[in-house]
Structure formats: C-alpha cells, structure tokens
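This report concerns only the one structure given below.
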Protein chains: 2
Amino acid sequence: MSTIEGARARARREITAAIKDEARRGLAAEGASRLSLRAVARELGMASSALYRYFPSRDDLLTALIVDAYDALGEAAEETLAATPRDDPATRWVAVCGAVRAWALAHPHEFALVHGTPVPGYAAPQATTGPGVRVPLALLALTAEAQEDALLAPPTWDPLPPPVRAEAEALADEYAPGLPAPVVAALVAAWAQLVGLISFEVFGQYTGVVTARDEFFAHAVSRIAADIGLPTTRGGTPEE
Amino acid sequence: MSTIEGARARARREITAAIKDEARRGLAAEGASRLSLRAVARELGMASSALYRYFPSRDDLLTALIVDAYDALGEAAEETLAATPRDDPATRWVAVCGAVRAWALAHPHEFALVHGTPVPGYAAPQATTGPGVRVPLALLALTAEAQEDALLAPPTWDPLPPPVRAEAEALADEYAPGLPAPVVAALVAAWAQLVGLISFEVFGQYTGVVTARDEFFAHAVSRIAADIGLPTTRGGTPEE
DNA sequence: GCCGTTACGTGAGCACTGCTCTCGGCCTGG
DNA sequence: CCAGGCCGAGAGCAGTGCTCACGTAACGGC
C-alpha cells in the first residue's frame, strides 16, 4: 500500500514535481512577483485550469516552494556541519555560514522567498516552522558540541535582561540542555544577523561599498563566532 | 522663479503628493505586491489613465515610495542622533538602532519595500543610493564622534583580511578620516546585522521563539556596540 | 468483468490588472 | 487673445488568478 502505487498516484506525484520544477525555473528567471501560473501551465503544455487540481492557488504553489527552499537551505547547513571536524568550532562555524550564503547566492529568488518580504498577506506560519529552523538548529548543535568538548570560551557573558534570560533558558532546556542562556541568546541574534549579512549581498544592498564579498563575509561571521565564544584554534584571519 | 509658483505647478505637486499618500495607505493595508494603481486612482476619484501623467509606471511609483521610506528611516536615525548626548556612545547607539526599529515596526510594508525583496526585476540602484545611506552614515558619525571624544575602546581589533582592509580604509578616508579600518568594517557588518535583526521581527520570522522583543533587541544591539568598541559608561543591562 | 465513483484535463468566462492611445477641454506663456 | 502645452476621460489590449460546467479515463468494490 506504500510501495505499490497506482499509475494514477504516480502520475500525480510526477506532475506535481514537474509543476514545482517549472515554477522554480520561472522563479529563477523572473522572481516571485512575476511568476505566472498560466506561464508554467503553458510551458508544461496543459490548460491553466488543470493546474488547480494540484495546487489550490498561486500562493499555495509558492508556499510549497518556500518549504522546499527551507529544506534545501537546512540541508546545505547540515551537510557541511557533518562534513566538518568537531575540534575546530570557529572554522566550522564559518563553513556552515558560508554554505548558507553559497546556497543563497546560487538561488537568490528562492532565498528571497524565505527571507525576503513575505508574499501572501502575512500567512505561511505553521507549515514552514518545521523546516524553517533547520539552519539555526545546526548552528545550535555546533555550539552544543563545542561545549561538550569543552571548547566554548566566551570572551564575556554579560548578564541578560530577565525576560530574555527566561526565554533563553527555556530554549536551552528544549534544544540544548546545559548550554548557558547568554549563549543561546547570542545564537538567536547571530542567526538574524547572518541572514542580514546574506540579504544585503543577495538583494544588492551594498553595491559599491563592499566588493571583496567572500573575505568580508568570512571576517564578519568569524567575529560573530568569537562573540559567541567559539575559539579560533589557529590561523583565524591572516596578515600582520 | 522658485517661490512664485504657477497654480499649475502647485496642483501638480499636490496631486503627486496625494497619489503617494494614497499609495502609502494602500501599501500599509495590502502590501506592495497587492498595491493597485487602479485602486489608488479609484480612491482619488480619477481615471486610472490620468495617474500616468504623474508616474510613468507602477514601478516608478514604488520607487518614489522607496526613496521616501529611505528618507524617513534616515531622518528617524538622524533625529535621535541629534537628540542624544555625545558622552554616552553605547546608549546612544542603542537609541539610534531602536529608532530605526521603531520606524520599521510602525511602517512594516514600507520597511519591506526598502529592505525586503527588491520589487522590480533588480532595478532601483542609482536613485536610491543617496538617501539609502543616511542610517549607516548616522551610525558612522556616532562612532566618529565617540572617537573624537576618546571614547572608542574596542575589545580586540583583530586584523582584517587585506582586501577588506583596503576597502575599509578607502571608506574611512571618504566618510570618517581617522577612524581605524577594523572599526569601519565592523560598522558595515553592524549595519547589515541590524537590518537582519529588524527584518526578523517585521517579517514575523521568530514568532514563538522570541517574545520579549524590546529587551532582546536592546541586548543584541548593545552587544554589537560593545563589539565595535563603544563603551558602556554605566548601567548597561541590569540584573546581578 | 462490470459499474458507479472519483480524479483529471479542457475551454469558456469573470473580474481584475498595468498600460496605451486618442480625443476634448483647460490653463498658461508669449 | 490665442496657439501650444498640460491634463483628465474613456475605450481598448494583453495578460493575470480563479471558477465552473463538461466530457473522459482510471480506479476499486461487487
């Protein structure tokens, strides 16, 4: 009942995938706002109305693409986390952030879909919360492992405002027991800051200001790592 | 020729302003993607075609709104910069960042216009570069004044990668002679990170994760201030 | 093997959009 | 005072998201 699959269901799965693929292609070419249902139907050689058998509305198609994009982004982070040695948390951090950035630069419109202006009014909350946290969870896992290995040495843990401390402790209890509250607070901020750094680049915000993008990003992100307390074992940034 | 203004020119100015006002209203209600030229024309009691006498296209209207938003954002920053004592750079920093955040939360769709997904393909570069730098320049002015007053004491100025150093020095020469290169590099990163922090809030990215938003933002932003080297004279964050 | 149920694809059509063009009237500068 | 510019109105084009009968083909229970 799971392996055996009627030709009907198979066709549905394949056509759904084809629609998403074509939509992704149109997305990369034109951007989300210019993406047209009729155009993807035309490209697929079917009537536009047929498309509604698979996605009840344009926004639902976009939501599906958002979920996929979140997953791809999270997978990129998790892959480099797995492929990276535990004993050098700072360079590992830079590598994971770099992987997120690389994915974003390779798929700018999909990145815009997940971290740009939300497209439908203000919807898309529940369905995307699952895959949406994979990247921050990877960063958190990285830090938790560093602490297990006694490699977490923050420069200064300034005291948190009480409400922030309470929330940070709750988060720590749920996702990384034993991690100090200031560190998880710093991680949440780091996540937002990372997205800010990448958004500026993807959205062309600092054209003319920063041209050595790779180096600038690596530098900024390694400063964040130092702020969190991930030690730079050796060879941080060269010169002098 | 400047004070004397024909009734014609005056009408044009007023109608242009009325169109932008109505467009801003529609923007706040529906968002940029749902903003309709015909709707604003309808609301203004004029034919939709008449609107093209004032803005050659929908994208041009949006571009005008973008410029205005940049200006409003920059003005908010500059105002609190002016209304804030020089001798406490860290709390001044937090205040300026807080003003930017407050404006963004009060005008979410306009903020999305300037720091969300770019609306037309990838256009709007030149016209917006002028007002677009007012906020970062305010942050830079704040830091430069702190240095003049010998209030700039970074924890560690780790060496910059050579290309970043070169660009940072060029920026320093142009906008704030005498400011150390690592500081201007940190400022650029801080600007992107600030936008990231605000974007997360405006775009509803951390619903359920952070609820004590004011405190969290103030904390995160004051950590950035410390990272740059702006000293917390007294009473940073309470507790213990 | 048959047959009702279900899913699917089609084409027409509605309401809406951005934008263009032509026309007719008003204000304005010479 | 009067020609030339600006401005508004209306019709119209091409395109959009989405809905709704309408046939057709596959499916599952008998």
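Predicted model only: the values in this text are computed from it and were never measured. Letters A, B, ... are given to chains in the order of the sequence lines, protein chains preceding strands, and every chain is numbered from 1.
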From CZ of F55(B) across to P of dG8(D) the rounded distance in Å is 13 Å
In whole Å, I'd like the distance from the CZ atom of R12(A) to the C1' atom of dA25(D).
16 Å
Sidechain N-carboxylate O distance under 4.0 Å for R92(B), E145(B)
yes
Just how far is it from atom CZ of R24(B) to atom CD of E22(B), taken to the nearest 0.5 Å?
11.0 Å
Along DNA chain C (nearest heavy atom to each residue), the more 5'-positioned of A39(B) and P56(B)
A39(B)
Reckon R42(B) has a side-chain N or O less than 4.0 Å from the OP1 or OP2 of dT17(C)?
yes
Length of the OH-P vector between Y52(B) and dT20(C), whole Å
7 Å
Rounding to a whole Å, what distance do you find between I19(A):CD1 and dG9(C):C1'?
12 Å
Any chance you could measure R223(B), atom CZ, to I228(A), atom CD1, to the nearest 0.5 Å?
8.5 Å
Check whether any side-chain N or O of S49(B) sits under 4.0 Å from OP1 or OP2 of dA9(D), and answer yes or no.
no
Tell me which nucleotide among dA21(D), dA9(D), dC19(C) gets nearest to the side chain of R53(B).
dA9(D)
Among H115(A), H107(A), E78(A), find the one that has a side chain to side chain contact (heavy atoms under 4.5 Å, CB included) with L73(A).
H115(A)
Could you check whether any side-chain heavy atom of S199(B) comes within less than 4.5 Å of a side-chain heavy atom of F111(B), counting everything from C-beta outward?
yes
dG17(D) OP1/OP2 closer than 4.0 Å to side-chain N/O of S36(A)
yes
Of the listed nucleotides (dA9(D), dG9(C), dC18(D)), which one gets closest to any side-chain atom of I15(A)?
dG9(C)
Between dC8(C), dT10(C), dC18(D), spot the one nearest the side chain of S48(A), thanks.
dC18(D)
Starting from C1' on dA26(D), measure out to CZ on R10(A) and report it in whole angstrom.
16 Å
Would you kindly give the CG-to-C1' distance between L51(B) and dG10(D), to the nearest whole Å?
15 Å
Checking all strands, does L35(A) fall into the base, sugar-phosphate, or nothing category for heavy-atom contacts under 4.0 angstrom?
sugar-phosphate
Go through dG9(C), dC18(D), dC19(C) for me and flag the one nearest to the L37(B) side chain.
dC19(C)
Expressed in angstrom and rounded to an integer, what is the separation of R8(A) atom CZ from dA7(C) atom C1'?
6 Å
Compare the minimum distances between each of dG17(D), dC7(D), dG9(C) and the side chain of Y54(A), then state the nucleotide with the smallest one.
dG9(C)
Length of the line joining R38(B):CZ and dC13(D):C1', which is rounded to integer Å:
11 Å
